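Labels below follow one simple rule: chain letters A, B, ... track the order of the sequence lines, proteins then strands, and each chain is numbered from 1. This one's a predicted model, so the numbers in the text were calculated from it and none came from an experiment.
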Amino acid sequence: MQQENEHHSTEQELIQNRIEKLERIRARGDNPFKHKFVRTTTIPEAVAAFTKAESVASETPPSQQATLAGRITALRCHGKSTFADLRDEGGKIQVFFGIKNIGEEAYAALDDIDIGDFIGVSGPIKRTRTGEITVFAESYTLLTKSLRPLPEKYHGLTDVETRYRRRYLDLVANPEVREVFRKRSRIVGALREWLDSRGFLEVETPMLHPIPGGATARPFITYHNTYDRHFYLRIAPELYLKRLIVGGFERVYELNRNFRNEGVDTRHNPEFTMLELYEAYQDYNGLMDETEELFVYVVEKVVGDLTFSYQGEQVCAGRPWRRIALHDAIREFAGIDLESTRDRDEAARRAESAGVEIDATLGYGKIVDEVMKERVVPHLVSPTFLYDYPVEISPLAKRKPDNPALTERFQVFMGRLELCNAFSELNDPIDQRARFMEQVKQREAGDDEAQHLDEDFITALEVGMPPTAGLGIGIDRLAMLLTDSPSIRDVILFPQLRTLD
RNA sequence: GGACGGGUAGCUCAGGCGGUAGAGCAUCGGACUUUUAAUCCGGUGGCCGCGGGUUCGAGUCCCGCCCCGUUCACCA
């Protein structure tokens, strides 16, 4: 215990110092944690109103009375006058405390105000001698006492571990981080607007799945006490959403979290946000058109321009987007043909001739997938549809009528990021059962990402699902792209890190 | 899991040739009624990630471990 105290002695001293101030405040009969404060306006509104009034009345700048609230981010004390920077969510304004304006008692009480405290302040807004827009405080009130020191004012908080583990400090110290998350919110809002305007119904399906399904991924396992059984955190909502199409909804979407028990890197977080939508009577070609429309809507709304830069490269999202069959793209970028063979070993030979290392356990479909990731995706900066994927790696997608080895599936890539996965949904229950059985075989052969047989889902398909196309969009990656963030952790408020003891 | 880089004051960072651990900001005390990274004077503050080892002596060298980042592998 004592060791622990000594270990934190410095920080403890800073905290202790503030606690003593807090006690002095209480001793004066003031409450350092107020319940409510009515402000007349926000800081950015007050600044905008002042600037506007000023531009109209050119000779004598008007002074406008305002009551503002915010956090003190800087204090400059000059004896009988003090300047503070006050910041709220949207902006910053300087506050001037003069002993003549607020009185000796209130001025003396400033001794117990620290950087980090929240205050409310009233007074006229004017420019100082040096031209800074400033509230000349006539009164102020402490709203919340802060007991811990904030990160340094000039450099902010740069330690990435602290930024992720204690995001509140990151948000306080680095205003641009708040902008990233505002933008993320606008992306999600724009997606919903587009979907809602087209009659898509937002639904919520289970997060606890008795059988993990809808994607090839390792699930998290959890346990329900009353039912005395294991559940899986969902890896995708797909099979439930398709059940809703069976039930008669024609346009549904779900925008929520998926959980996959796999590696963590700059593009993968164990929990991530996915938009999945399903549209009856549509196929993958029509869905490609709609996907373009949807993205263009969101990009224009959020970025304001269809050309933007991601990690130093220009992305041009203007329509039409390039559409190229996966096998054609492999021919173009990898210089090999994987379409004219279906033989696993031959495909592996050709892949290796293109310099792609192929693990002996990979089947034909995964070889194609591997070559795509290694040789094709790195070229896809501006938006590109790859379409017609091997049936082996697309167990929920409908086959092409003229080529049963391929499925009507597409993916969208932008900024070298995989953003979407979509297909004409397989609605033939007999084929679906066969595909599941193929997956089960792979699972038994040791592939623990292979999909499970979901008997109830087959039953639903037997009841009948109309022709349907479905699309999944990785929201985190879309947010990375549109905020020019290099890591998925930069667009997730509380990314997963190892817990500390 | 492998490779590389990092972990030093509350924050941002120096030091690293083995010889009593530094700066700026913050904080505390003093001066100051127009500053804005305020200024000036003085002070407090460190298990130098953790544990071993070598050594008269270890932030510094060696070994192991933990955490973070990048990357490769795996995946979306």
> Any side-chain N or O of A:T266 less than 4.0 Å from the OP1 or OP2 oxygen of B:U71?
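So the side chain of A:T266 is within the cut-off, an N or O lying under 4.0 Å from OP1 or OP2 of B:U71.
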> Check if the side chain of A:H155 and the base of B:C11 share a donor-acceptor pair of N or O atoms closer than 3.5 Å.
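Checked by distance alone, the answer is no.
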> Base, sugar-phosphate alone, or nothing: which one does A:K373 contact when heavy atoms must sit under 4.0 Å apart?
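The residue A:K373 makes sugar-phosphate contact but no base contact.
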> Would you please confirm or rule out a distance under 4.0 Å between OP1 or OP2 of B:C11 and any side-chain N or O of A:T162?
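Answer no for this pair, as no side-chain N or O of A:T162 is under 4.0 Å from OP1 or OP2.
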> Please classify the nucleic acid contact of A:I235 as base, sugar-phosphate, or nothing, using heavy-atom distances under 4.0 Å.
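Counting heavy atoms under 4.0 Å across all strands, no contact is made by A:I235.
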> Can you check whether A:R498 has a side-chain N or O nearer than 4.0 Å to OP1 or OP2 of B:C67?
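Looking at the OP1 and OP2 atoms of B:C67, one of them is under 4.0 Å from a side-chain N or O of A:R498.
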> Mind checking A:D265 for me? I need base, sugar-phosphate or nothing, with any heavy atom below 4.0 Å counting as a touch.
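Answer is base: heavy atoms of A:D265 come under 4.0 Å of a base.
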> Taking A:F333's backbone N and O only, do any of them form a donor-acceptor pair with A:R375's side chain (distance below 3.5 Å, no angle check)?
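A pair under 3.5 Å: no.
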> Whole Å only: how far is the CZ atom of A:F97 from the C1' atom of B:A38?
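About 16 Å, once rounded to whole Å.
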> How long is the line joining CD of A:E449 and P of B:A76, in whole Å?
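Rounded to the whole Å, the gap is 6 Å.
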> Select base, sugar-phosphate, or nothing to describe what A:R163 touches, counting heavy atoms under 4.0 Å on all strands.
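It contacts nothing in the nucleic acid.
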> Rounding to the closest angstrom, what is the interatomic distance between B:C61 and B:G22 at atom C1'?
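The answer is 22 Å between these two C1' atoms.
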> With heavy atoms under 4.0 Å as the rule, sort A:I99 into base, sugar-phosphate or nothing.
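Touches a base.
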> Provide, to the nearest angstrom, the distance between the CZ atom belonging to A:R218 and the C1' atom belonging to B:C74.
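A:R218 atom CZ is separated from B:C74 atom C1' by 7 Å.
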> Go ahead and name the base partner of B:U39; Watson-Crick or wobble counts if both distances stay under 3.5 Å, otherwise write none.
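When the pairing criteria are applied, B:A31 turns out to be the nucleotide that pairs with B:U39.
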> Is a donor-acceptor pair below 3.5 Å formed from side chain A:R129 to base B:U34, judging by atom type as modelled?
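Side chain to base: no pair present.
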> Strictly below 4.0 Å: does A:N17 bring a side-chain N or O up to OP1 or OP2 of B:C28?
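Yes, within the criterion.
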> What is the distance, rounded to the nearest whole Å, between atom CZ of A:F410 and atom C1' of B:A76?
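Going from CZ in A:F410 over to C1' in B:A76 covers 16 Å.
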> Are any side-chain N or O atoms of A:N174 and backbone N or O atoms of A:L157, one a donor and one an acceptor, separated by less than 3.5 Å?
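A pair under 3.5 Å: yes.
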> Base, sugar-phosphate or nothing for A:E276? Non-hydrogen atoms, less than 4.0 Å.
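If one applies the 4.0 Å heavy-atom cut-off, A:E276 turns out to touch nothing in the nucleic acid.
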> Contact class for A:F136 vs. all strands (heavy atom < 4.0 Å): base, sugar-phosphate, or nothing?
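The residue A:F136 makes base contact.
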> For B:C41 versus B:C48, give the span between their C1' atoms, rounded off to a whole number of Å.
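Those two atoms are separated by 30 Å.
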> Taking atom P of B:A26 as reference, at what distance in whole Å does atom CG of A:L147 sit?
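Result: 20 Å.
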> Identify which nucleotide among B:A76, B:C68, B:U33 has an atom closest to any side-chain atom of A:H78, counting heavy atoms from C-beta outward.
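From the listed options, B:U33 comes nearest.
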> Which comes earlier along RNA chain B counting from the 5' end, the contact point of A:D111 or that of A:K366, where each point is its nearest nucleotide?
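Upstream on the strand: A:D111.
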> Syn or anti for B:C17, with syn set at within 90° of 0?
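It is syn.
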> For A:N261, report the nucleic acid contact type (base, sugar-phosphate, nothing); a contact means any heavy atom under 4.0 Å.
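Contact class for A:N261: none.
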> Counting distance alone, no hydrogens or angles: does the base of B:U34 have a donor or acceptor under 3.5 Å from a partner atom on the side chain of A:T130?
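In this structure, the two groups form no donor-acceptor pair.
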> Which part of the nucleic acid does A:T158 contact within heavy-atom distance under 4.0 Å: base, sugar-phosphate only, or nothing?
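It contacts sugar-phosphate atoms only.
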> Indicate, with a heavy-atom threshold strictly under 4.0 Å, whether A:R165 touches base, sugar-phosphate, or nothing.
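Contact class for A:R165: sugar-phosphate only.
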> How are the rings of A:F436 and A:F457 set to each other: parallel, tilted or perpendicular (split at 30° and 60°)?
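Perpendicular: the ring planes of A:F436 and A:F457 meet at over 60°.
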> In terms of the nearest nucleotide of RNA chain B, which residue is placed more toward the 5' end: A:F83 or A:D369?
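Counting from the 5' end, the first nearest nucleotide belongs to A:F83.
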> Would you say the base of B:G24 and the side-chain of A:E152 have a donor-acceptor pair closer than 3.5 Å?
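Side chain to base: pair present.
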> Contact class for A:G156 (heavy atom, under 4.0 Å): base, sugar-phosphate, or nothing?
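The answer is sugar-phosphate, as A:G156 gets under 4.0 Å only of primed atoms, P, OP1 or OP2.
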> When you check the side-chain N and O atoms of A:D490 and A:Y164, is any donor under 3.5 Å from an acceptor?
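There is such a pair between these side chains.
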> Quick check: does any side chain N or O of A:R257 sit under 3.5 Å from a backbone N or O of A:R234, one acting as donor and the other as acceptor?
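Side chain of A:R257 to backbone of A:R234, a donor-acceptor pair under 3.5 Å: no, none is there.
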> Short question: side chain of A:Y253, backbone of A:L471 - any donor-acceptor pair under 3.5 Å?
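Pair absent, no side-chain N/O of A:Y253 close to backbone of A:L471.
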> For A:Q496 and B:C68, what is the distance between atoms CD and P respectively, to the nearest whole Å?
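Atom-to-atom, A:Q496 to B:C68, this comes out as 11 Å.
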> Is there a side-chain polar atom (N or O) of A:K21 under 4.0 Å from OP1 or OP2 of B:C28?
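Checking B:C28 against A:K21, a side-chain N or O does come within under 4.0 Å of OP1 or OP2.
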> Under the rule syn = chi within 90° of 0, otherwise anti, which is B:G15?
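That one's anti.
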> Quick one: A:R76 CZ to B:A31 P, roughly how many Å, whole number?
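Computing the A:R76:CZ to B:A31:P distance gives 21 Å.
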> Without decimals, in angstroms, what is the distance between A:K100 NZ and B:U34 P?
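For the pair A:K100 NZ and B:U34 P, the rounded distance is 11 Å.
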> Name the nucleic acid region contacted by A:T82, choosing base, sugar-phosphate or nothing; use a 4.0 angstrom heavy-atom cut-off, strictly under.
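Since no nucleic acid heavy atom lies under 4.0 Å of A:T82, the category is nothing.
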> One thing to verify: whether A:D476 and A:R267 come together as a salt bridge, which I'm taking to mean a side-chain N less than 4.0 angstrom from a carboxylate O.
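No, no charged N to carboxylate O under 4.0 Å.
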> Answer with base, sugar-phosphate or nothing: what part of the nucleic acid does A:E132 contact at a heavy-atom distance below 4.0 Å?
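Answer is base: heavy atoms of A:E132 come under 4.0 Å of a base.
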> Using ring-ring contact (aromatic ring centres under 6.0 Å, His included) as the criterion, point out the one residue from A:F385, A:F423, A:Y387 that pairs with A:F410.
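The passing option is A:F385.
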